[in-house]
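This report concerns only the one structure given below.
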Amino acid sequence: MTDAAKKTTTRETHLSKSYEPVSVEARRYEKWVADGRFKAADDSDRDPYCIVIPPPNVTGQLHLGHALNHTLIDAMVRRERMRGKEALFLPGTDHAGISTQNVVERQLADKEGISRHDLGREAFVERVWEWKATYHDRITSQMKKIGDGVDWDRERFTLDEGLSHAVQTIFKRLHDDGMIYRAERIINWCPRCMTALSDAEVEHSDDAGELVSMRYGEGENSIVVATTRLETMLGDTAVAVHPDDERYAHLVGRTVELPFTGRHIPVVADEHVDPEFGSGAVKVTPAHDPNDFAIGERHGLESILIMDERGVITAHGPFQGLDRFEARSAIASALRADGRIVAEKRPYIHAVGHCDRCDTTVEPRLSKQWFVKIERLAKLAGDAVRNGDTKIYPPEMEKRYFQWVDNLLDWCISRQLWWGHRIPIWYGPDGEQVCVGPGEEAPEGYTQDPDVLDTWFSSALWPFSTLGWPAETAALKKFYPTASLITGQDIIFFWVVRMMMFGTYAMGEVPFKEVYLHGLIRDKEGKKMSKSSGNGIDPLEVVDTYGADALRYMLARDAQPGSDNTASIELAEIARNFCNKLWNGTRFALMSGATVEGDLPESPSLIDRWILSRLSRTVTAVDALLDQYEFAKAMDALYHFAWDDVFDWYLELTKPVLAEGGRPADDTRRVIGHVFDQLLRLLHPVIPFVTEELWLSLTGGEERGESLTVAAWPAAGEADAESERLVEALQHLVVEVRRFRDGQGVKPSQSVAAALTGLSDAGLDGQERLIRTLVRLDEPGEGFAPTAELAVSDQVSVALDTSGTIDVAAERARLEKALKAAQKELDGTTKKLGNEAFLSKAPEAVVEKIRTRKATAEADIARATAQLQRLDG
RNA sequence: GGGUGCUUAGCUCAGCGGUAGAGCGCUGCCCUUACAAGGCAGAUGUCACUGGUUCGAACCCAGUAGCGCCCA
């Protein structure tokens with residue numbers, strides 16, 4: 001810290017020879033926080049710009065997907081802060097009901113051999129809070145390490161007091177609006193987590209099972225049904241056929257005997273049966289299948305639950321006490337022994353639902369749960385996007401949004417867990433039921449519903465509960481609706497849609513004006529990264545090895561809207577190399593006396609005009625790209641401006657000027673200072689640490705309490721096309737000479753005598769000395785005897801005295817290659833221009849362009865040919 | 001099964017109607033006092049396949065094949 005202060009106060013370049021992130025990052029981050037750089041004010045005159053964090057699981061740890069997400073959010077917010085907005089990146093975490101409870105239960109079992117029931121609800125929840133405290137510190141320190149510029153004073157947790165109040169408030173409001181109800185329905189049940197799940201928490205995969213066809217009943221009174229879930233037959237209460245299916249018309253209204261149970265079940269006619277599938281007859285298990293439940297309701301069938309919460313068969317009979325999968329094979333054997341199996345298809349690939357937390361096969365199960373009526377909310381959420389109140393980036397993602405939001409079923413929100421927001425419904429001794437709002441007391445003698453709410457129920461309030469809702473806080477007024485939501489496209493259904501529903505419902509206004517859905521992180525094989533498949537790259541390891549800036553840069557430069565990121569450790573190295581290059585470029589600028597003091601020169605030199613023009617174009621491009629969340633392209637533009645234009649050309653071009661000294665050198669020092677000042681600003685949102693460190697060295701701003709975090713974002717100036725054209729000509733000349741030298745095996749350090757002609761015709765008056773220095777061409781001296789002549793362009797040619805024989809073969813090869821390329825170009829353009837249809841139908845501008853290309857090709861050929869002849873001569 | 005996207009240089013990806021591009025990798029030369037985590041120069045492609053539209057197709061249309069994702 002004191003070292004750094006010394007560095008900047010002396011304004012000298014005590015920067016190390018290469019960038020060492022560890023020596024910079026933690027120190028910088030602490031200072032930013034201490035100086036309140038990320039704090040947003042509720043009462044400022046500045047326009048608001050707020051993005052709320054997609055809250056990570058408080059007991060989880062950051063993976064690369066989080067790092068990508070945070071990088072993009074942080075970059076957007078930092079840029080807006082620099083643009084003078086009241087910028088807020090609001091942090092927090094969620095309580096992740098199921099997975100957190102799972103983890104703590106497992107730990108209790110492993111370490112103490114007890115279950116949550118042994119502890120009891122209160123003590124168990126107490127334990128989870130302890131667990132939460134530990135892991136909360138881990139995840140926040142990770143966020144600090146990757147440089148999240150969040151307002152820590154506003155950090156929220158879904159289970160904290162304010163947010164719990166918000167949950168209770170909206171529950172009560174929805175309840176009183178008739179939009180929350182309790183009903184017996186078929187829900188997704190996880191027999192391992194022992195709780196209901198919402199549709200979104202079920203993942204379907206195509207699994208290999210078996211399709212077994214079996215016969216119910218005997219003789220004329222028999223019917224064949226097929227199933228992949230044999231065990232459910234114990235709960236069958238009917239067989240259904242299509243009403244028009246003549247094969248079974250005689251059976252409708254009669255009963256067949258259900259094996260093992262002694263029950264006689266009716267054959268019913270139902271239009272929803274597909275007569276084409278299997279035998280055309282289906283078994284009906286209303287308590288264990290949503291379609292069968294619907295059939296059951298239509299025909300007044302009994303619903304028989306045949307297993308308990310763990311998936312163990314409870315139906316009386318030989319299979320009682322077996323797990324559902326054990327029962328499946330036991331039943332198969334028994335049926336086979338009975339001669340009832342008429343066909344078996346194995347493997348039979350079919351979609352099977354799995355719990356997205358533990359991968360256990362989900363059991364559809366009749367159960368009494370709480371639901372949110374979705375229709376009105378879904379319409380609000382869908383219309384908000386249709387109306388353009390919220391804009392989705394990339395736009396293709398809208399389809400996926402509508403596909404979900406327009407086909408939503410009622411949302412099952414109750415969970416049979418202890419960790420979460422307890423449902424604020426209380427039951428009276430005589431079956432009364434009241435919803436208790438915030439600040440209200442349940443009547444004496446009532447007991448509260450034991451279940452808790454789906455975590456996403458509270459996450460859905462996040463964009464406004466975190467700002468103080470339901471209180472009409474200044475923060476809420478200032479920052480709602482938030483500017484944007486940036487999140488992975490995999491949680492569009494869990495989270496984005498639900499925030500849209502609750503936001504529009506509770507606030508009457510969308511929660512965010514834009515949504516940017518970024519891709520997932522994959523490994524080099526295209527697989528989704530995960531800890532279980534062992535292909536994960538730990539972002540914190542990347543930080544330790546290459547620095548947070550390298551991590552952020554690597555992620556941002558690969559973030560293309562609509563496609564996933566392919567991460568590999570090599571990308572981190574590339575990113576680190578860029579940071580190092582920037583470090584050294586700036587170090588050189590400082591050593592050259594670059595300054596940000598005073599006005600820019602009134603009449604800058606050609607190369608200064610050129611770099612200022614390139615800067616202007618870069619600012620324009622980066623702004624346009626970032627406005628569209630085109631991070632990869634913005635980074636590409638910055639990369640090329642920095643590396644190609646500034647480091648490879650501009651700095652090299654300034655060296656001779658600086659060596660010359662005098663006023664031109666002073667002017668250029670000022671321009672170098674400006675260019676680096678602006679470049680560092682442009683890069684700061686993505687690579688905040690290295691840019692801050694360098695910028696403070698460049699400007700000496702630390703002692704004045706300055707920081708790049710709050711420095712003004714660059715404004716694009718005018719482009720200067722003339723300077724760009726001239727410098728391009730100069731670059732072309734330089735490259736041609738270098739090629740020649742390289743082809744001739746002339747060492748870079750070796751000077752060659754040369755005469756340059758036609759520079760003023762090419763508009764490069766006054767650049768001769770610069771060019772000579774750059775490519776080591778000495779003035780022709782006594783006895784100058786050119787051995788080769790390079791016709792660089794129509795105007796410029798260079799005669800070189802290589803003081804000896806030249807490698808004719810190499811030079812000929814070089815020229816012949818150029819000639820061949822030009823000839824190909826001439827052939828192509830000549831053919832086009834000889835095509836009547838092309839001339840009459842193509843736009844004039846295109847025809848003109850082809851004519852120019854043809855002329856250029858002709859000139860190139862003439863020059864190359866002449867040079868080849870000279871070689872022979 | 002219904003949607004939706006992808007297939008371009010060895011790898012990762014841009015380009016989406018008018019000269020095929022980038023980064024990395026590769027080849028050669030160079031420790032040129034900012035940087036070898038670097039510099040200079042160079043090589044590299046039947047733009048998946050088959051038809052069609054067009055003066056002109058990597059780009060538009062149709063079909064085929066492979067891969068991916070979402071939803072059931």
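Just so it is clear, the values below take in all heavy atoms, side chains as well, and ignore hydrogens, waters and symmetry mates. Chain A is the first sequence line, chain B the second, and so forth, proteins listed ahead of strands; every chain is numbered from 1.
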Exercise for the section: Consider only side-chain N and O atoms of A/Asp827 and A/Gln823, and report whether a donor and an acceptor are under 3.5 Å apart. Expected result: yes
Exercise for the section: Verify whether one side chain among A/Ser18 and A/Asn580 offers a donor that lies under 3.5 Å from an acceptor in the other. Expected result: no
Taking [atom1] from [X] and [atom2] from [N], how many angstroms apart are they, rounded to a whole number?
X	N	atom1	atom2	result
A/Gln560	B/G23	CD	P	15 Å
A/Asp356	B/C71	CG	P	10 Å
A/Lys399	B/C71	NZ	P	17 Å
A/Asp644	B/C35	CG	C1'	15 Å
A/Leu520	B/U4	CG	P	20 Å
A/Glu573	B/G38	CD	C1'	14 Å
A/Met397	B/C6	CE	C1'	13 Å
A/Leu15	B/C35	CG	P	13 Å

Practice task
Report the relative orientation of the aromatic rings in A/Phe493 and A/Trp404; use parallel for angles under 30°, tilted for 30 to 60°, perpendicular for over 60°.
Solution key: tilted
Exercise for the section: Classify the angle between the aromatic ring planes of A/Trp643 and A/Phe647 as parallel (below 30°), tilted (30 to 60°) or perpendicular (above 60°). Expected result: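 The rings of A/Trp643 and A/Phe647 stand perpendicular, inter-plane angle above 60°.
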Write down the partner of [N] under the Watson-Crick or G-U wobble criteria, each distance required to be under 3.5 Å.
N	value
B/U64	B/A48
B/U54	none
B/G17	none
B/C11	B/G23
B/G1	B/C71
B/C40	B/G28

Shortest side-chain distance from [X], nucleotide among [options]:
X	options	result
A/Lys633	B/A34, B/G18, B/A14	B/A14
A/Thr566	B/A37, B/C13, B/A22	B/C13
A/Tyr639	B/A22, B/C24, B/U19	B/C24
A/Arg557	B/C55, B/C35, B/G23	B/G23
A/Lys747	B/A37, B/C30, B/C13	B/C30
A/Asn577	B/A37, B/C55, B/A34	B/A37
A/Arg853	B/C70, B/G42, B/U19	B/U19
A/Ile574	B/C24, B/C55, B/C30	B/C24

Practice task
Indicate yes or no: does A/Arg853 engage A/Glu825 in a salt bridge with an N to O separation below 4.0 Å.
Solution key: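 Salt bridge present between A/Arg853 and A/Glu825.
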Problem - N-O pairing of A/Arg617 and A/Asp645 below 4.0 Å - result: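 The answer is no: the pair does not qualify as a salt bridge.
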Look at the side chain of [X] and the base of [N], then say whether one donor and one acceptor between them are separated by less than 3.5 Å.
X	N	value
A/Glu652	B/A34	yes
A/Arg576	B/A37	yes
A/Lys17	B/C35	no

Problem - Flag, side chain of A/Trp583 to backbone of A/Leu15, donor-acceptor distance under 3.5 Å - result: no
Problem - Nearest-nucleotide comparison on RNA chain B, the residue closer to the 5′ end among A/Pro843 and A/Arg738 - result: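 Taking each residue's closest nucleotide, the earlier one in sequence belongs to A/Pro843.
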Problem - Pairwise 5' ranking along RNA chain B for A/Phe493 and A/His640, keeping only the more 5' one - result: A/His640
Exercise for the section: Establish, with yes or no, whether the OP1 or OP2 oxygen of B/G38 is under 4.0 angstrom from a side-chain nitrogen or oxygen of A/Trp583. Expected result: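 No, no such contact exists.
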Problem - Side-chain N or O of A/Arg739 closer than 4.0 Å to phosphate OP1/OP2 of B/C40 - result: no
